[in-house]
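This report refers to the structure that appears directly beneath it.
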Amino acid sequence: MAYPFGEIEKKWQKHWADNKTFRAENKSVKPKYYALDMFPYPSGAGLHVGHPLGYIASDIVSRYKRLKGFNVLHPMGYDSFGLPAEQYAIQTGQHPEKTTKDNIARYREQMDKIGFSFDWEREVRTSDPNYYKWTQWIFIKLFNSWYNHETDKAESINTLVQKLESGKVGKLEKKWDELNEKEKSDVLMEYRLAYLSEAWVNWCPQLGTVLANEEVKDGVSERGGYPVERKLMPQWSLRITAYANRLLNNLDNIDWSESIKEAQRNWIGKSEGASLTFNVDNEKQSYIPVFSTRPDTIFGATFLVLAPEHPLATKICSSEKKNEVDAYIEKVKIRSERDRMADVKNVTGVDTGAFCIHPFTKNRIPIWLGDYVLAGYGTGAVMAVPAHDSRDHAFAKHFDLEIKQVVSAPEGWDIQREAWDAKEGKCINSDFLNGLDVKDSIKRAIQEIEKRGLGFGRTQFRLRDAIFGRQRYWGEPIPVYYKDGIPHVMEENELPLVLPEVDKYLPTEDGEPPLARAKNWKHQGKYEYEKTTMPGWAGSSWYYLRYMDPQNKNEFAGKDALNYWKDVDLYIGGAEHATGHLLYMRFWTKFLFDLGLIPVIEPAKKLINQGMIQGMSAKIFIGGINSSGVSMSNNWMGPSLNNSDYPRQITFNDVQRFISSADVYPYKVPTGIEPFSVFERNSPIEFVDEEKLNIDLFIESQFGNEYSDSVFILKEGYYFKGGYYNDNGVLTPEKTRPPFLVKREVEKMSKSKYNVVTPDDICTNFGADTLRLYEMFLGPLEQSKPWNTNGISGVFGFLNKFWRLAHPNPPKGRENELKVLSNGEDLGGAFFVSEDEPTKPELKILHKTIKKIQQDIDNYSFNTSVSAFMICTNELTELKCNKRAILEPLVILLSSFAPHIAEELWYKLGNEKSITFATFPQYNEALMADDSYSYPISFNGKMRFNLELSLSLTPAEIEKEVLANEQSKKFLEGKQPKKVIVVPKRIVNIVM
RNA sequence: GCGCGAGUGGCGGAAUUGGCAGACGCGCUGGUCUCAGAAGCCAGUGAGGUAACACUCUUGGAGGUUCAAGUCCUCUCUCGCGCACCA
């Protein structure tokens, strides 16, 4: 019989909730510890087994830190604005708020079953007006701030206005005071950290909306397949680029995984070089600034390339090239930026017919347009040095442009064939740079450029400002209204700007966002509000602060709370947020710090990315209707590929589709229906046992219903409309049907792949403690792994074994000592612990385990902790140890991992307060010490035998003992050892 | 292409950072209990080899450093993830 986990878990979950056991206090003499999980988006599929992986780890740490005397903040909430609820709303008309609430209720129910020690009084939801009021408030702060590069921090926009008034900043055409309101607004927009500007977006005219990059595939919208073009549109953006340097430099001071830091470094993409200007050889005196990290190669610049979107492109081109240039720009426009980046191999471009003057040589060099130059990076123009940049080289080769070498390459390098990109070599053909090393010549070139007033040294970032507006309904309204065409933010005391009701969640007929449907939704009844909403990452960029003081009505969080909790000590979540959420959160933290609103510049000291738990998808192969909608029946040759054998029971008209078992695909699928009509589809895994699909259940289900008319092709014979036919078309008794197999494949676990496994079944069948231990036992936290339940019985067995330590069969003659408590009669025996003094071996086991568990938790190595518990339990079982002095401390150790069983045993041991308030036991090295050690004795590095020796021996004595040993003599074969290595408490190695 | 990470039994994974490779668990084999099964308990389980020992081989591959290498160095292969015309 298993221990009564069901009863125990329910009982203690209720106890913890009723007693608010895990409530964190904002004032305490204890040191603080803040353990945070990335909060989930509450999707309709519910929590799957991958979610709790990180939550369990942070819960173990939280419970451990409480035992270690910390005041622990361990909260949970929901990132509850987002697209899926809105899509569902569009399809069904159900308000996203309702969907979200239902999903949250389900998440909560699932989490409660796992026994997390969250302080639920601190729950936050980003879609709650009491929460997003402060998200909007931060937006207003961003709008009212600018980045002062002199002080290197954000400041109130008022300090900028002062500087503008005194003329210290900016080059205004008129004096500040002489500007009208619109002009002033436009000037300030150039500086505000939240600003409105024209930005390039993926615009889909048919859908009337902007699409995110990932929603565009092959130049058309993923949904509907409508064309998408690049378009300049007014957009709200956040000036994250102002923080690029600090976001980069501060990475060195936080304990985050190297891969995340590296991803952020790449994303920020700092590069140093020079900006220099080329004058166009025309009457208009146009000039083109370019950015280069290789100003040392300036003498190798043989042409200029502009991005097709470059504003000068159409202005400078010669009249005879005008048509060609316009055609090219039009062609490029309909491709998304992503497509352009993906399509690296094809060189495209066009000659503008215009020329510019090389600033040093004064040569005339041609100006081209090329789509390998990105409008959004640098100045949108490059000086092409084909000899030393392979992209320029490819372009030059394609259009037969001059390639001029200016850096020495290795012997035999053919510069006409391949570019020499490396920053190595000496400058040649380069006037004043000749003979200099590349590294020195970069500095020298910048000096010269600055001296001659051609440009200046400059640092460029790949990071771009974050587009902040979304043409969506289910998000925070941006607290902005328009008065005489000028955007104004609302007053702080007018917040929150509550999301208005709309009749439909779609864009309007004229292509305005859904919020344009809101009736009478105007600021002070007069002024139009901004119609876009904030992106998903807005609310999550600061939520860790709100947890510190979630009920606060007057501030986003109170000063005392902020100063007490400061930052997150341990943050656990997925690595997929490397360049999104985690970067934005760091950005907002630095901004709030600059304004003096919070005391920290980084949100989280330590970050762990838990690995993804993948799903085991079940793929089926469906053939039938081809892409043009023509039934494939005419090509169908029958399962045996022999038309004359074709069974009469099936007429072609009945058959919609043919589904192949994985062990026959593609062999029994007639060649005529390949390849265009056979496709893979995921079957929901609940109809699959190992590899076998239960066809009957499958067809009856909502998912499989559409295949009720299909032929299921088996290795031998086939299945059709409830009957099994052999290859001769003879209806055959059910029993002989061969299995229909699916192809199992490891994929990301997601609702759309029908491979989601929820934790609920495990909780029901084995209990939450087993789930918690098992998820930890699977392997290192950071590692990704497919979910399987193969090993779960081992973990469950361990908990039962542990339970039995305190529920042994009572020894003869001492039955009267039995302590029978409430539900005592369950296992082999009733609850019974001995009050005897522990023996030395028992103490050794205990203290060894305390040390191991403590070290493992400190290293976040939870899988090895579980092993340690198992070893300890096995050893104590061997000794038949049921002593209080051993079990009581062990129960405390176990309580972070398996809190329910620990809490129950703690209670049975006679403790009245929750084990949460116990103290983590201290290990004593002295009790673990052995007086002897079994030395492995090796000869020439090969281990031959073990020898038990006292640890008090000196190395010299050990050597003597070993050499005197009978077995050693055998391996020495009479030879004299050359050398004997003795490492005390490790090894002895004899070199012959 | 660039960056990061990883390759250890049939499987998930250990290995105090250079010191007995394969802990712990699954699976498998045999035994015990049972009318039978499940659960539990006991024993075995890297490969080769042997009646059993002995012995030999073994951490993706090839070299190297060392008394000693899964661990350090060089080269190389494979896989996973991230970024990807960033001038």
Side-chain angles (χ1 to χ4, degrees), chain A residues 1-2 257-267 269-271 273 290-294 297 305 338 340-347 370-374 376-385 388-392 394-395 421 460-464 575-576 578-579 609 611-612 746 773-774 777-780 782-786 788-795 797-798 800-801 804 827-828 851-852 855 861 863-874 877 934-946 977-983 985-992:
Chain A
M1 259 273 279
S257 73
E258 208 40 54
S259 63
I260 291 278
K261 290 205 222 177
E262 207 46 44
Q264 294 208 348
R265 285 189 193 110
N266 285 339
W267 192 258
K270 181 175 181 169
S271 47
V290 302
F291 175 71
S292 174
T293 54
R294 296 291 303 274
T297 61
V305 188
R338 173 172 257 230
R340 278 170 60 185
M341 292 194 290
D343 187 15
V344 178
K345 279 145 276 165
N346 293 328
V347 177
D371 75 348
Y372 80 97
V373 176
L374 304 174
Y377 185 74
T379 58
V382 302
M383 63 174 210
V385 184
H388 304 291
D389 182 295
S390 28
R391 297 155 305 180
D392 296 340
F395 196 82
D421 288 13
Q460 185 69 44
F461 293 94
R462 202 191 73 114
L463 184 71
R464 296 186 210 173
E576 66 273 21
T579 51
N609 298 117
M612 209 195 302
V746 175
L773 284 174
Y774 184 60
F777 192 58
L778 277 174
E782 285 100 329
Q783 213 161 293
S784 288
K785 50 235 153 188
N788 75 75
T789 51
N790 291 345
I792 206 155
S793 63
V795 168
F798 152 70
N800 280 296
K801 208 164 169 179
R804 271 197 305 276
L827 215 58
K851 184 179 179 182
K852 175 76 176 149
Q855 283 179 344
S861 172
N863 54 328
T864 50
S865 302
V866 180
S867 300
F869 280 125
M870 288 173 169
I871 292 167
C872 165
T873 304
N874 290 345
T877 302
S934 173
Y935 279 91
I937 312 297
S938 34
F939 292 79
N940 284 340
K942 279 198 170 72
M943 207 283 283
R944 294 301 180 176
F945 62 93
N946 283 294
K978 280 189 195 132
K979 200 172 168 188
V980 179
I981 315 271
V982 177
V983 186
K985 226 193 156 180
R986 281 282 150 81
I987 199 169
V988 176
N989 190 18
I990 297 160
V991 189
M992 299 192 294

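Quick note: numbers below take in every heavy atom, side chains included, and nothing from hydrogens, waters or symmetry partners. In what follows, chains are A, B, ... by sequence order, proteins preceding strands, each numbered from 1.
For the P atoms, the distance from B/U29 to B/A47 is 15 Å, rounded to whole Å. Straight-line distance between the C1' atoms of B/G1 and B/U56: roughly 46 Å, to the nearest whole Å. Rounded to a whole angstrom, the distance from the C1' atom of B/U17 to that of B/G70 is 12 Å. As rounded to the nearest Å, B/G9 and B/U45 have C1' atoms that lie 10 Å from one another. B/C83 and B/G12 have their P atoms separated by 27 Å, given to the nearest Å. Here the separation of B/G80 from B/A87, taken at their P atoms, is 29 Å to the nearest Å. Remark: the separation of the P atoms in B/C33 and B/C28 is 22 Å, to the nearest Å. B/C55 and B/G60 are spaced 26 Å apart, taking the P atom of each and rounding to whole Å.
Base pairing of B/G49: no nucleotide in any strand meets the Watson-Crick or G-U wobble criterion (both distances under 3.5 Å). For B/G37, there is no paired base (Watson-Crick or G-U wobble, both distances below 3.5 Å). The pairing partner recorded for B/A15 is none, the criterion being a Watson-Crick or G-U wobble arrangement whose two distances lie under 3.5 angstrom. Summarising the base pairing, B/C4 is matched to B/G80 through a Watson-Crick or G-U wobble pair whose two defining distances lie under 3.5 Å. The nucleotide B/U59 finds no pairing partner, because no Watson-Crick or G-U wobble arrangement with both distances shorter than 3.5 Å includes it. Within the shown strands, B/A43 is the pairing partner of B/U29 under the Watson-Crick or G-U definition, both distances less than 3.5 Å. Pair assignment for B/A23 gives none, since no Watson-Crick or G-U wobble pairing has each distance under 3.5 Å. Across all strands shown, B/C72 forms a Watson-Crick or G-U wobble pair with B/G64, both key distances being under 3.5 Å.
Using a 4.5 Å heavy-atom threshold, the side chains of A/Asn940 and A/Val991 count as touching. At a threshold of 4.5 Å between non-hydrogen side-chain atoms, the residues A/Lys852 and A/Thr864 count as touching. Side-chain contact between A/Met383 and A/Thr297: present, with at least one pair of heavy atoms (C-beta onward) separated by less than 4.5 Å.
The side chain of A/Asn946 sits closest to B/C20 out of B/C26, B/C20, B/C41. For A/Ser793, taking side-chain heavy atoms from C-beta onward, the closest of the listed nucleotides B/C20, B/C24, B/C26 is B/C26. When distances are taken from the side chain of A/Met943 to each of B/C20, B/C85, B/A23, the shortest belongs to B/C20.
Going from atom CE of A/Met612 over to atom P of B/G82 covers 7 Å, rounded to whole Å. One can place CD of A/Gln783 at 8 Å from P of B/G7, the figure rounded to the nearest angstrom. Across the protein-nucleic acid pair, A/Glu782 atom CD and B/G12 atom C1' stand 17 Å apart, rounded to whole Å. Atom CG of A/Asn790 is separated from atom P of B/C28 by 10 Å (rounded to the nearest Å).
When heavy atoms are screened at a 4.0 angstrom cut-off, A/Ser867 is found touching base atoms of the nucleic acid. At the heavy-atom level, A/Glu262 lies under 4.0 Å from the strands shown only through sugar-phosphate atoms. No contact: A/Lys978 has no heavy atom under 4.0 Å from any strand. Residue contacts shown for A/Asn874 are limited to sugar-phosphate atoms, with no base heavy atom under 4.0 Å away. When heavy atoms are screened at a 4.0 angstrom cut-off, A/Glu576 is found touching no nucleic acid atom at all. Contact annotation for A/Met870: backbone-only contact, meaning every heavy-atom pair under 4.0 Å involves sugar-phosphate atoms and none involves a base. Within 4.0 Å (heavy atoms only), A/Val382 reaches at least one base atom of the nucleic acid.
In terms of phosphate contacts, A/Asn788 brings no side-chain nitrogen or oxygen within less than 4.0 Å of OP1 or OP2 of B/C26. OP1 or OP2 of B/A14 sits under 4.0 Å from a side-chain N or O of A/Asn863. For the pair A/Arg986 and B/U16, the criterion of a side-chain N or O lying under 4.0 Å from OP1 or OP2 is not met. In this structure, A/Arg462 reaches the B/A84 phosphate: one of its side-chain N or O atoms is under 4.0 Å from OP1 or OP2. Side-chain N/O atoms of A/Ser271 include one lying less than 4.0 angstrom from OP1 or OP2 on B/A87. At the phosphate of B/U16, neither OP1 nor OP2 sits under 4.0 Å from any side-chain N or O atom of A/Gln855.
Within 90° of 0 lies the glycosidic angle of B/G9, which makes this nucleotide syn. For B/U17, the base is syn relative to its sugar; the glycosidic angle is within 90° of 0.
A distance of 9.5 Å separates OG of A/Ser938 from CZ of A/Phe945, quoted to the nearest 0.5 Å. Interatomic distance, A/Ser867 OG to A/Phe798 CZ, rounded to the nearest 0.5 Å: 10.0 Å.
Mapping A/Arg294 and A/Lys979 onto RNA chain B by nearest heavy atom places A/Lys979 at the nucleotide closer to the 5' end. Of the two residues near RNA chain B, A/Leu778 and A/Lys852, the one whose nearest nucleotide lies more 5' is A/Leu778.
Shortest non-hydrogen contact noted between A/Asn989 and A/Gly941 is OD1-N, 3.0 Å. Residue A/Ala384 comes nearest to A/Asp392 through the heavy atom pair CA-OD2, 3.3 Å, listed as atom of the first residue, atom of the second, then distance.
Scanning atom types as modelled, one donor and one acceptor separated by under 3.5 angstrom connect the side chain of A/Asn989 and the base of B/C67.
A donor and an acceptor atom, one from each side chain of A/Lys801 and A/Asn874, are located under 3.5 Å apart.
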